[in-house]
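First comes the structure, then the notes that go with it.
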Amino acid sequence: MYQYDWSVISRNMDVFIEGALKTLEISAISILLAIPIGILFGLGRISKNKIVFIISSAYIEIMRGVPLLVLLIWIFYVLGQFFSLGSYWGSITGLSLFAGAFIAEIVRSGIQGVPKGQMEAARSLGMSHTKAMIHIILPQAFRRVLPPLASQFIMLIKDSSLISVIAASELTLAAKNLVATSFRSIEVWTFVALIYFIMTFSLSLIIRYFEKRLLKGEA
Amino acid sequence: MKKWLVAVLMITMLIIAGCSNDSGGGVSTENSTIQKVLKEKKLIIGMSSGYFPFDMKNPDGDFVGYDVDFANALGEALGVKVEYKQFTFDGLIPALQTGEVDMIFAGMTITGSRALAVSFADPYFQTGQAVMVPGDDTQTKTWQELDVKGTKIAVGIGTTGALLAKDVFKNAEIMDFEDFPAAAAAMAQGQAAAVVYDEPAIAVWKLRNGDAVNQLEGLISTENLGIAIKKNDFETIQWVNSFLSSYLGSPSELASRAKWFESSEWLDEVVEE
């Protein structure tokens with residue numbers, strides 16, 4: 001029934017490469033913005049200050065409760081009326097706000113995972129709460145949060161395929177356009193799946209390498 | 001690394017190729033769409049919603065429009081039930097190729113490149129590509145004026161408007177949206193300076209949004225719409241062509257045309273999607 005023609009892949013390799021680079025670029029900028037957002041709100045989530053706690057919790061719950069696709073469309077069409085974000089910055093805003101909420105939860109659980117005795121011991125040595133946090137708790141929490149943080153980055157690369165709905169040029173939109181002109185959907189989407197897999201798998205290999213080195217440092 | 005990549009690709013291809021029941025080429029009427037439809041007593045139409053006034057959805061979630069009247073009449077002539085499956089416009093041809101649907105009724109423009117992937121019955125409607133700008137833009141008179149660096153033109157992904165815009169606009173940036181309503185909404189929010197799309201749909205959009213939008217005079221191109229059928233399915237193409245010549249100009253077709261193109265009473269019954 002269906003006649004395969006894989007030459008569409010080799011003929012349009014430049015389109016795929018350009019799209020994949022754009023995907024990586026947008027994902028990298030988004031994660032770089034999401035990490036400080038996540039740390040800020042993660043700390044806010046364990047803050048004793050009621051207002052800070054409520055704001056942080058509200059942000060995290062809203063971001064976790066709204067599908068990313070809907071969030072992106074909302075940012076582009078609603079927020080876009082007040083700020084001229086465009087497709088590119090609208091996508092980065094959506095992705096980093098979304099990933100930020102998940103990172104906040106990772107940060108919170110990382111800090112809370114450090115045994116209570118550590119803080120008590122630091123305080124009894126005369127350190128202030130802030131000082132103990134910076135010198136004792138956070139360095140230990142950092143090691144704990146690295147693996148889930150890395151999988152969040154991988155998740156972000158996959159999630160970035162959704163930004164094609166707000167006309168942001170990246171791998172998925174490039175593929176949609178190629179399918180629209182070549183009608184080779186099976187070939188194109190198979191190859192796109194492969195590219196996403198190669199990107200995420202190489203990333204997870206790199207992360208594993210760094211994790212091993214980090215563990216060595218600990219021993 | 002490269003060898004490894006090739007190996008993975010090959011395996012994927014083999015798996016997919018193995019799954020398909022490729023019975024080879026050649027003209028036969030045995031596995032023609034029309035025979036299959038008659039046997040199963042069911043005609044599955046691929047449609048994309050949001051193409052006014054051809055393919056739209058009412059509040060009950062049913063498809064309505066000129067194409068729907070047409071497809072229903074075709075189903076009636078065959079004596080079979082008509083079923084609609086919704087896809088985004090760029091997903092329609094792949095759906096036909098893989099056998100998800102029997103025919104595409106989606107106001108699809110007949111083009112040479114599409115005809116390499118699917119076959120078309122004779123044209124059933126003539127239209128063209130028009131340009132829509134926001135109502136407060138009274139400066140722009142022709143589409144050529146929009147072709148400057150930094151200007152953004154919104155289109156529906158995979159539509160003729162998209163292909164044409166990428167071809168004729170040399171300096172402006174083309175933004176691909178899921179469908180025409182999404183592109184029109186982007187323009188309304190100031191994300192794009194204009195939308196390139198089929199003239200009848202823009203006319204309806206203007207009818208509905210009044211002074212909020214303007215249509216530039218003249219068309220970028222004229223084109224013919226056709227029903228897409230599985231590639232080289234000659235029996236089906238021939239039958240649809242025969243039906244087409246009896247349907248066009250018939251009382252029911254004239255009534256359908258009057259309803260969707262000459263009045264706007266149906267506007268309230270249709271969901272914006």
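Within every chain, numbering begins at 1; the chains are lettered A, B, ... in the order of the sequence lines, protein sequences first and strands thereafter.
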CD (E18(A)) with more than 12 external heavy atoms under 6.0 Å: no
K42(B) atom NZ, neighbour heavy-atom count above 12 within 6.0 Å: no
Contact class of V165(A) relative to chain B, heavy atoms under 4.5 angstrom: both
Whether over 12 other heavy atoms sit under 6.0 Å from K85(B) NZ: yes
Other residues, nucleotides, ligands: >12 heavy atoms within 6.0 Å of M155(A) CE: no
Contact class of I73(A) relative to chain B, heavy atoms under 4.5 angstrom: neither
Candidate pair K166(B) and N177(A), rule side-chain contact (heavy atoms from CB on, under 4.5 Å), full reasoning: CA-CA 11 Å; K166(B) 281 170 195 171; N177(A) 272 318; 3.0 Å; yes
Distance, nearest 0.5 Å, that separates OG1 of T181(A) from CZ of R114(B): 10.5 Å
Exceeds 12 heavy-atom contacts within 6.0 angstrom, atom CG of L205(A): yes
Spatial distance of atom OG (S169(A)) from atom CD1 (I174(B)) [nearest 0.5 Å]: 13.0 Å
Gap separating the CG atom of L173(A) from the CE atom of M175(B), nearest 0.5 angstrom: 10.0 Å
Any side-chain heavy-atom pair of I186(A) and Q97(B) under 4.5 Å: no
